[in-house]
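Encoded as structure tokens, the structure appears first; notes follow it.
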2 protein chains.
Amino acid sequence: MSKKKLIMDKSLELFANQGFEATSVQQITDYCGISKGAFYLSFKSKDELIIALIDHFMQQLAADIDSAVTSSNSDDILYYFYHTSFQSFQNHANFVKILLNEQTHTFNDALLNKMRYYDRKTDQTILTMIEKVYGEAINNIKFDLILSIKGLINGYSGYLLFNRMEFDVDLISRSLVEKTDILAKNITMPFITEDNGKMFQQFQEEEVSEDNLLQLINTTIDELEDSIAKESLLLLKEQIRTPTYQQAIVKGLIENIKNLSQYKWLTHLLTKYFNIN
Amino acid sequence: MSKKKLIMDKSLELFANQGFEATSVQQITDYCGISKGAFYLSFKSKDELIIALIDHFMQQLAADIDSAVTSSNSDDILYYFYHTSFQSFQNHANFVKILLNEQTHTFNDALLNKMRYYDRKTDQTILTMIEKVYGEAINNIKFDLILSIKGLINGYSGYLLFNRMEFDVDLISRSLVEKTDILAKNITMPFITEDNGKMFQQFQEEEVSEDNLLQLINTTIDELEDSIAKESLLLLKEQIRTPTYQQAIVKGLIENIKNLSQYKWLTHLLTKYFNIN
DNA sequence: TATACTAATGACTAATCGGTCATTTTGTCA
DNA sequence: TGACAAAATGACCGATTAGTCATTAGTATA
């Protein structure tokens with residue numbers, strides 16, 4: 001395990017239990033069994049660490065949900081959406097705790113922007129989903145439906161987190177699918193009109209910047225043990241710097257990474273960058 | 001305006017914009033135009049300040065909602081519940097911001113307990129409300145209904161707060177009443193069973209401790225300009241220390257305070273303490 | 001073994017924090 | 001006016017923080 005990964009893993013625990021501001025760098029390094037200096041070899045600042053954490057998990061969550069939403073039948077989309085969300089919630093309870101705690105703190109502009117970005121991204125995913133499931137029928141209530149879905153997830157997450165409960169992902173998913181369906185088919189009095197809802201539309205997927213992509217590749221290479229996937233990534237990195245291979249080869253290399261479930265986001269970005277379908 | 005009130009007003013702004021931990025006592029006193037020493041004449045510590053803030057607003061909110069729920073017809077209860085909630089939200093946006101930010105921070109036990117206490121109180125109020133509106137019919141889904149209602153409020157509050165919008169309290173209330181009604185009448189697949197829902201029942205209204213009551217009276221006296229209400233409070237304070245007057249007189253004195261809308265909580269506690277109906 | 005390089009250390013700094021208290025200012029009596 | 005008390009001040013304290021950097025440990029090459 002790379003040092004960066006070690007710090008991220010351990011600090012996640014501490015942040016979740018004590019909050020971001022209340023956790024000192026000294027505490028993190030003690031807990032990791034490394035020196036303070038070593039911390040600053042991996043991260044330029046404490047802020048950079050929390051942003052890296054948020055990015056790491058949100059990218060994965062966004063990619064998981066996106067793939068669940070795009071790859072399932074119209075009938076099952078809602079179920080798989082909730083299932084993926086709460087499965088991820090169960091697997092990364094510590095991260096969710098940080099998210100709920102630090103959600104709108106203004107103290108760090110970069111952090112706030114990240115949060116906003118992912119919030120918008122979630123809106124967009126949900127919008128795509130409900131349009132796919134209900135089509136034109138819910139056009140005038142779609143923004144209320146988005147808020148209701150996010151609200152339900154929030155309400156139930158808070159309850160589960162507070163009670164530290166083991167829970168049945170299948171049951172909660174089916175229960176929330178029913179609620180969503182009930183709302184979608186019966187609401188007649190939306191609060192958010194098309195006009196107010198403009199902000200939901202404003203989201204544009206970011207350009208895949210070469211810098212960001214390279215940085216993400218480097219981080220991932222760092223995390224990986226020697227393997228075909230690592231070798232593929234190294235080759236793709238070269239390909240970005242100086243294009244050498246044909247599309248087919250590039251596609252094959254990306255396919256080698258696609259199989260690792262935790263790198264769906266990277267796969268997504270690579271596919272987009274190299275213009276592969 | 002008393003110094004305590006001044007500090008609470010000003011610090012509310014700062015906490016809302018920067019968070020609790022990120023705001024220093026020095027910053028608060030500078031913003032108030034007083035010295036650091038003066039701060040500690042009003043509050044024993046910084047923690048005591050945040051707890052006072054939370055108490056102040058939550059007591060008022062709880063009393064407002066409670067009176068809205070208990071004093072309206074079964075048909076209108078839901079509407080007045082949401083109306084009171086969002087009206088209060090609109091009037092005290094800064095406080096809501098703090099609540100959303102600091103909601104589950106563990107760093108301070110007393111604070112955490114306050115939060116939990118009021119969360120439970122909210123659950124209880126909502127439970128009473130939906131039982132009054134829907135009776136036995138929703139018995140098996142009532143806990144899901146509580147979570148859904150809290151979730152909806154949360155979802156819409158977050159949206160409104162984020163967009164810093166002026167909004168139509170009547171419209172959002174009617175819109176959420178409809179959603180609540182739709183859910184109450186159509187849910188067939190609850191996630192939380194009677195057994196899991198035990199925790200919702202555990203709430204017991206706190207005993208009215210003499211110390212707490214006296215402290216609240218003193219704070220309120222401090223806030224008030226000279227008036228009948230202030231005089232009444234001073235007399236009631238004496239009555240607690242050494243009972244002198246008959247029930248009728250006590251009841252009359254409490255009535256003098258009841259008329260001030262912002263002291264419903266105090267009225268409630270006094271009524272309970274003196275055993276008046 | 002000697003050299004060169006990187007990785008890792010932890011004592012240190014400057015700044016900031018919550019909280020204290022000797023001192024001064026202000027207000028109120030006779 | 002003068003004596004006294006209450007209110008208010010801000011320099012100061014010990015503790016803690018994020019971040020730095022001269023030094024050391026570890027490793028690979030010659």
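Letters go in sequence order (proteins before strands), and every chain restarts at 1.
Rounded to an integer number of Å, the gap from A:L6 CG to C:dA7 P is 17 Å. Counting to the nearest Å, the P atom of C:dT16 and the CD1 atom of B:I28 are 17 Å from each other. Rounded to whole angstrom, the span from the CD atom of A:E48 across to the C1' atom of D:dG19 amounts to 13 Å. Atom CD1 in B:I34 sits roughly 16 Å away from atom P in C:dT26 (whole-Å rounding). Atom CD1 in A:I7 sits roughly 13 Å away from atom P in D:dG19 (whole-Å rounding). With rounding to whole Å, B:D30 atom CG is found 13 Å from C:dT16 atom P.
Crowding of B:E13 atom CD: a count of heavy atoms from other residues, nucleotides or ligands under 6.0 Å exceeding 12.
Contact check, A:K3 against C:dA8: a side-chain N or O comes under 4.0 Å of OP1 or OP2.
For the side-chain contact (heavy atoms from CB on, under 4.5 Å) with B:V250, the qualifying choice from B:L236, B:L270, B:T271 is B:L236, the only one to do so.
Shortest non-hydrogen contact noted between B:Q27 and B:L14 is O-CD1, 4.0 Å. When all heavy atoms of B:L6 and B:C32 are compared, the closest pair comes out as CD2-O, 3.9 Å. Across every non-hydrogen atom of A:F20 and A:K46, the tightest pair is O-NZ, 3.1 Å.
Ring planes of A:H92 and A:F57: perpendicular class, angle over 60° (limits at 30 and 60°).
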What are the atom names and distances for every N/O pair under 3.5 Å that joins the protein to nucleotides 17-20 of chain C?
from: C:dG18; atom 1: OP1; to: B:K46; atom 2: NZ; distance (Å): 2.7
from: C:dG18; atom 1: OP2; to: B:V25; atom 2: N; distance (Å): 2.9
from: C:dG18; atom 1: N7; to: B:K36; atom 2: NZ; distance (Å): 3.0
from: C:dG19; atom 1: OP2; to: B:Y40; atom 2: OH; distance (Å): 3.0
from: C:dG19; atom 1: OP2; to: B:K46; atom 2: N; distance (Å): 3.0
from: C:dG19; atom 1: N7; to: B:K36; atom 2: NZ; distance (Å): 3.1
from: C:dG19; atom 1: O6; to: B:K36; atom 2: NZ; distance (Å): 2.6

